[in-house]
Amino acid sequence: MKVITWNVNSLRARLPRTLALLDRHKPDVLCLQETKLTDEAFPEEPFRERGYHVEAHGQKSYNGVAIVSREPLEDVTKGFPGDPAPEQSRVIAGTVGGIRVVNLYVVNGKSVEHPDYALKLAWLDALDAWLCAVVEPESPLLVVGDYNVAPADIDVHDPELWRGQNLCSDAERERFAALFKGGLRDLFRECYPEEQKFTWWDYRNGAFHKNLGLRIDLALGTRPLAERCKWVEVDREERKPSTGEGKPSDHAPLVVHLDWP
DNA sequence: ATGTCACTTTACAAGTGA
């Protein structure tokens, strides 16, 4: 089974590239973040034409998540209990091929001084409480998405520059790490303990060209999935302006290959 | 050194969010 997670930064702006990504990788499951459109406005038809089903949890202009899958999703849920900002569309989950797939778009936080940062910490606390309550470590659960947290210094191009800043601060890293205690494992990091790979580069300052990035798009899984994770790749080509039609997202897709079933 | 991109609006430029 092949699962991709990608923050598209507007599905409308990224539709040709999203369809090209499906044609290129032919994933079983594609989890999208920052679709930035309502469920009514979701362009389902070109996905259906390619043999995919769509489940979306969106809103106008901001946030928005969706799961695109070859097999229909079962037991779809939107949001999560205890969400301190339930009006923001950030979580959708469903079951496919016996795997429970949770797709997240974590609160960005803006900067550690900004009120949104306090919301980010509260949101991560609620996420920890929810996931730690529902995770059964021996049951196949995949939690993918834009975590807006770089888990460790190796995930940052310049750890000293980023020390304590939003996306890298200790408080958010501690909350992220709490998911490990619940039985989740970082599939990319377990496959490649020493590799520095990024998934996000700021649009500004030629950051992609200089590879000034962070690894904030992640796939976490319980033991049955960690043991069957064959490889994980970052589709860096997709971040290049020249790769497809229109401009790139500031995130690259993360492609997870599972030996499943 | 905040230099981009995508969104919105009593729109035709400017503010916001990332």
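Owing to the predicted nature of the structure, the values given are computational and were not obtained by experimental measurement. We use all heavy atoms of the structure for the numbers below, so side chains are in, but hydrogens, waters and symmetry mates are not. Residue numbers start from 1 in every chain, and the chains themselves are labelled A, B, ... in the order their sequence lines are given, proteins ahead of strands.
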For A:F208, report the nucleic acid contact type (base, sugar-phosphate, nothing); a contact means any heavy atom under 4.0 Å.
nothing
[X] [atom1] to [N] [atom2]: how many Å, rounded?
{"X": "A:Q33", "N": "B:dG17", "atom1": "CD", "atom2": "C1'", "answer": "17 Å"}
{"X": "A:N148", "N": "B:dA18", "atom1": "CG", "atom2": "C1'", "answer": "8 Å"}
{"X": "A:E34", "N": "B:dT16", "atom1": "CD", "atom2": "P", "answer": "18 Å"}
{"X": "A:H251", "N": "B:dG17", "atom1": "NE2", "atom2": "P", "answer": "17 Å"}
{"X": "A:W201", "N": "B:dA18", "atom1": "CH2", "atom2": "C1'", "answer": "16 Å"}

Between [X] and [Y], is there a donor-acceptor pair closer than 3.5 Å when you use the side chain of the first and the backbone of the second?
{"X": "A:R14", "Y": "A:K247", "value": "yes"}
{"X": "A:R185", "Y": "A:L220", "value": "no"}
{"X": "A:T5", "Y": "A:L254", "value": "no"}

Please say whether the positively charged group of A:R70, taken as NZ for Lys or CZ for Arg, lies over the ring of A:Y52, i.e. under 6.0 angstrom from the six-membered ring centre and within 45 degrees of the axis.
yes
Does a donor on one side chain and an acceptor on the other come within less than 3.5 Å for A:D250 and A:W200?
yes
How far, in whole Å, is [M] from [N] if one measures between their [atom1] atoms?
{"N": "B:dA1", "M": "B:dC12", "atom1": "P", "value": "33 Å"}
{"N": "B:dT10", "M": "B:dG15", "atom1": "P", "value": "14 Å"}
{"N": "B:dA6", "M": "B:dA11", "atom1": "C1'", "value": "16 Å"}
{"N": "B:dT2", "M": "B:dT16", "atom1": "C1'", "value": "14 Å"}

Could you check whether any side-chain heavy atom of A:R50 comes within less than 4.5 Å of a side-chain heavy atom of A:D23, counting everything from C-beta outward?
yes
Going 5' to 3' through nucleotides 1-11 of chain B and flagging B where a protein heavy-atom sits under 4.0 Å of the base, S where only the sugar-phosphate is that close, and - otherwise, we get -BBBSSSSS--
